[in-house]
Amino acid sequence: MPQRPKLVLVGQLSVYPWVFEAAERAGIDLILVPRGDDTVESAERADAVVELLPLDIDGDPEGALSALADRYRREPFGGIMAGNERVVPFVARAARELGLTGLTEDAAAVVRDKRSMRRRLREAGLGVPGFVVIKEPDGWSDALTLRFPVVVKPANGHSSLGVIRVDDRDSLEQAVARTWKLIEAHHLGAADGSDPDAGVLVEEYLDGPEVSAESLVHHGQVRVCGISWKGELTGPYFEETTLRAPAQLPAEVLAAIEAEVVGAHHAFGVTEGTTHTELRLVGGVRPVLVEMGARIGGGGFMHCLVHVGSGIDLAAEALRIHLGREPLCWRQEPVPAGHAAAYQVSVGRGGRMKRIRGLDAVRVDPRVDYVVEPVSPGDLLLPYPDFSGYPVMVISRHESDAEAEEYRAHLARTLHVEYEEQG
Ligand code: ADP
Ligand code: CA
């Protein structure tokens with residue numbers, strides 16, 4: 001029998017089961033490089049993991065790369081894939097040095113930098129809001145030329161951390177200072193933790209509901225596998241609580257989203273792997289990119305929305321691409337299985353978490369496929385615009401979009417984070 005393929009999965013938090021389960025389904029063994037905040041017990045227990053390979057990617061990227069190369073020389077593996085946003089450039093570099101499938105380093109740098117994405121989209125003639133790059137906190141007044149409201153955000157952020165809507169010019173200076181502080185506190189700069197790339201982007205507010213598009217890309221050919229509805233997120237902070245798939249939109253709007261997403265892949269030079277693209281539908285109809293991440297979105301749960309909504313086993317296909325193989329859905333048309341929803345309980349005021357009220361009923365609900373709790377009682381949760389983790393994710397499946405929406409509303413009414421009393 002041929003040996004099972006092995007892939008190095010970098011920084012995929014092991015409490016998020018989706019990519020691990022996909023590897024199991026696809027018959028792929030995983031060498032897991034645990035994320036800094038993962039625990040050995042949990043990482044070892046994850047499906048398909050045959051080996052742990054701890055690397056200090058943030059603290060010592062050169063050392064991490066040479067340890068990875070040593071491991072490869074001892075026994076070659078067939079691929080490497082990023083399990084979170086921050087490691088995308090490291091994984092691209094490792095793939096190139098080891099001769100494995102991956103993003104070019106240029107493309108990896110582009111999708112980790114919202115300034116570069118905006119410039120590339122503009123050059124390609126795709127939709128972009130007016131934007132101004134701010135290089136130091138005092139430079140905030142450069143953005144006064146924009147049409148307000150605007151959105152202030154870290155140039156290399158994630159999870160809506162430090163993303164703030166500003167409605168009038170008088171509030172801009174304070175918002176930029178606040179975002180800048182969060183960039184420093186979270187070391188949101190270059191991938192290796194040093195901060196020469198740190199910066200703030202201010203862009204005009206795109207008024208309209210938000211959608212997410214999950215794609216596979218192989219040898220430069222892009223397939224948009226699923227489009228999910230995120231709905232109206234008006235700020236001032238952009239905590240993401242809800243997604244439903246497939247998005248119920250007119251065929252011409254879906255086609256316009258697809259065209260924009262495919263064009264963005266070309267503009268960024270993203271030719272291999274999987275992507276999570278967020279867009280606003282300006283005026284409800286005209287798609288404009290917010291950003292793209294070269295990884296599976298939502299810590300992996302976007303896989304579920306695609307898998308149920310379109311039948312494509314997104315996470316397994318992504319692993320195949322990173323092993324240098326053609327995704328199965330390139331030749332075999334998958335069959336959609338219904339509607340799916342993801343709900344993330346709002347952090348609310350933040351504090352030391354005591355428990356999540358209302359979860360017992362969710363756990364036994366037959367519509368619920370996953371209840372994932374990345375944080376534990378006693379953990380400190382920071383309210384937006386800061387970010388320290390999602391309290392709980394509920395992934396469910398439904399007969400119709402209306403039922404998915406009704407269940408989401410039910411969860412919003414019944415699930416709450418309870419905090420310890422502030423002393
Ligand atoms: P992050 O990498 O932190 O997720 P994003 O650029 O995706 O940063 O911004 C987070 C959220 O803020 C988006 O999902 C969107 O809801 C909102 N947002 C960001 N930029 C804009 C914009 N120009 N117009 C409207 N909303 C925006
Ligand atoms: Ca985002």
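Start at 1 and go down the list; that is how both ligands and their atoms are numbered. Since the model is a prediction, treat every value here as computed from it, not as a measurement.
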Query raised in the report: Does NZ or CZ of Arg352 come closer than 6.0 Å to the centre of the six-membered ring of Tyr419, within 45° of the ring's axis?
Result: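 The answer is no; the distance or angle limit is not met.
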Report task. Identify, with sequence neighbours excluded, every residue that meets ring pair (Phe, Tyr, Trp, His ring centres under 6.0 Å) alongside His416. Result ->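 Per chain and number, His416 pairs via ring pair (Phe, Tyr, Trp, His ring centres under 6.0 Å) with no residue.
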Requested in this report: Below 4.0 Å from any atom of ligand 1, which residues have a heavy atom? Give them in chain and number order, please.
Outcome: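 The answer is Lys114, Val151, Lys153, Gly157, His158, Ser159, Ser160, Leu161, Val163, Glu203, Glu204, Tyr205, Leu206, Glu210, Lys230, Leu233, Phe238, Glu240, Glu278, Arg280, Val290, Glu291, counting any residue whose heavy atom sits under 4.0 Å from ligand 1.
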**Report entry** Atom of Glu278 nearest the Ca ion (ligand 2) (restricted to N/O/S, atom name only)
**Finding:**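 That would be atom OE1.
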Requested in this report: Specify which N/O/S atom of Glu291 comes nearest to the Ca ion (ligand 2), by atom name.
Outcome: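 Considering only N, O and S atoms, Glu291 comes nearest to the Ca ion (ligand 2) through OE2.
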Requested in this report: Kindly check if the number of other-residue, nucleotide or ligand heavy atoms within 6.0 Å of CZ (Arg367) is above 12?
Outcome: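 Result for CZ/Arg367: enclosed.
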Requested in this report: Can you establish whether the number of heavy atoms outside Glu97 located under 6.0 Å from its atom CD is more than 12?
Outcome: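 Yes, enclosed.
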**Report entry** Mutual orientation of the aromatic rings belonging to Phe387 and His158 [parallel < 30°, tilted 30-60°, perpendicular > 60°]
**Finding:**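 Answer is perpendicular, since the angle exceeds 60°.
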Query raised in the report: Which pairs pass salt bridge (Lys or Arg N to Asp or Glu O under 4.0 Å) with one or both residues in residues 143-152, sequence neighbours excluded?
Result: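 Listed by first then second residue: Arg147-Glu204.
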Report task. With sequence neighbours left out, write down each residue that passes salt bridge (Lys or Arg N to Asp or Glu O under 4.0 Å) with Glu85, or none if nothing qualifies. Result ->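 Applying salt bridge (Lys or Arg N to Asp or Glu O under 4.0 Å) to Glu85 gives Arg112, Arg295.
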